[in-house]
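Just so we're clear, the structure is a prediction, and the values are computed from it rather than from any experiment. Atoms considered below: every heavy atom in the structure, side chains included; atoms not considered: hydrogens, waters and symmetry mates.
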Amino acid sequence: QRYELRDAGGTDERYVLSFCDYPKTISAGAVARQRQVGEVMSRPTAALLCRAIECRFEPEFQAVISEFPGEASLREVLQERQALNLEEVEAFLRLLAEASEAAARGGWPKLTFEASHLYVDQRLGLPRIPVPDMPAFDAVGAELPDFDPMQTMQFNAADLRQNADPIPK
């Protein structure tokens, strides 16, 4: 469950609270792993990744307060404008690939790149990636394979950096 929080001190600061309570308690090892990943998410190595500000991981629940990613999701922008121009698409893909690579190197949980989960900083026109949901690590399927068998095309985000032109001619 995700909730938008507003600063009570009179500023316009906004945050996201992500909360999950577990149907059964998780192991101490899983909680320790969550705390380790939460620490990593508090220091993102890419500016597009929202920062986890405060994390609490317990055997019965987890709560993460993170930076607010922005007003409009990419889906909302596309619904309003119907399309992005080629330069915007190229910039988005390159920036998302760099952020994805940085997150994977840093040990972040799986990121979601659906249009409804990506946000746009209206001032800068740049994408923002919210803090992902933290896996329970004890649950069946929490250890995701390196590939998604349902995905029709597999690629390595680092490959996008090597090619100057990501769109074949």
**OP:** Begin from the C-alpha positions of R128 and C50 and carry the test side-chain contact (heavy atoms from CB on, under 4.5 Å) through to its verdict.
**Re:** CA-CA 7 Å; R128 290 286 305 209; C50 289; 3.0 Å; yes
Subject >> Pair V131-R51, side-chain contact (heavy atoms from CB on, under 4.5 Å): steps then yes or no >> reply: CA-CA 7 Å; V131 169; R51 178 176 60 94; over 6 Å; no
Subject >> Verdict with supporting geometry, K24 and E60, salt bridge (Lys or Arg N to Asp or Glu O under 4.0 Å) >> reply: CA-CA 7 Å; K24 63 178 191 167; E60 299 83 18; over 6 Å; no
**OP:** Assess whether side-chain contact (heavy atoms from CB on, under 4.5 Å) is satisfied between Q34 and I26, documenting all intermediate values.
**Re:** CA-CA 11 Å; Q34 286 179 329; I26 62 173; 3.5 Å; yes
**OP:** Report the C-alpha separation of R105 and E101 in whole Å, then their side-chain angles, then the decisive distance to 0.1 Å, and conclude whether the salt bridge (Lys or Arg N to Asp or Glu O under 4.0 Å) test is met.
**Re:** CA-CA 6 Å; R105 266 196 321 265; E101 184 180 3; 3.2 Å; yes
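For E98 (side chain) and L95 (main-chain N/O), no donor-acceptor pair under 3.5 Å exists by modelled atom type. Under the 3.5 Å distance criterion, the side-chain polar atoms of Q62 are matched with a main-chain donor or acceptor of M134.
Between F61 and C20 there is no side-chain heavy-atom pair separated by less than 4.5 Å. Side-chain atoms of Y15 and S66, non-hydrogen and from C-beta on, never get closer than 4.5 Å to each other. A 4.5 Å side-chain heavy-atom check between D133 and P109 finds every atom pair outside the cut-off. Using a 4.5 Å cut-off on side-chain heavy atoms (C-beta onward), V31 and P59 make contact. L49 places none of its side-chain heavy atoms less than 4.5 Å from the side chain of M41.
If you chain together hydrophobic residues whose side chains sit under 4.5 Å apart, L118 and F68 never meet in one group. Cluster annotation: W108 is connected to V37 through the hydrophobic network of ILVMFWY side chains, with a link wherever side-chain heavy atoms come within less than 4.5 Å. Y119 and I129 are not part of a single hydrophobic cluster, where members link through side-chain heavy atoms under 4.5 Å apart. The hydrophobic cluster containing I53 does not contain V16, counting ILVMFWY residues as joined when their side-chain heavy atoms lie under 4.5 angstrom apart, directly or transitively.
Here E13 does not pair with R6 in a salt bridge; the nearest charged N to carboxylate O distance is not below 4.0 Å. In this structure, E90 pairs ionically with R94, as a charged nitrogen and a carboxylate oxygen lie closer than 4.0 Å. Comment: R56 does not engage E54 in a salt bridge, judged by the lack of any side-chain N to carboxylate O separation of less than 4.0 angstrom.
Here the closest heavy-atom approach between residue C55 and residue V64 is recorded as SG-CG1, 4.0 Å. Of all heavy-atom pairs spanning Y22 and A136, the tightest one is CE2-CB, 4.1 Å. Across all their heavy atoms, I65 and L17 have their closest contact at CG1-CD1, 4.0 Å.
No more than 12 heavy atoms of other residues, nucleotides or ligands lie within 6.0 Å of CD in E80, so this atom counts as exposed by the packing criterion.
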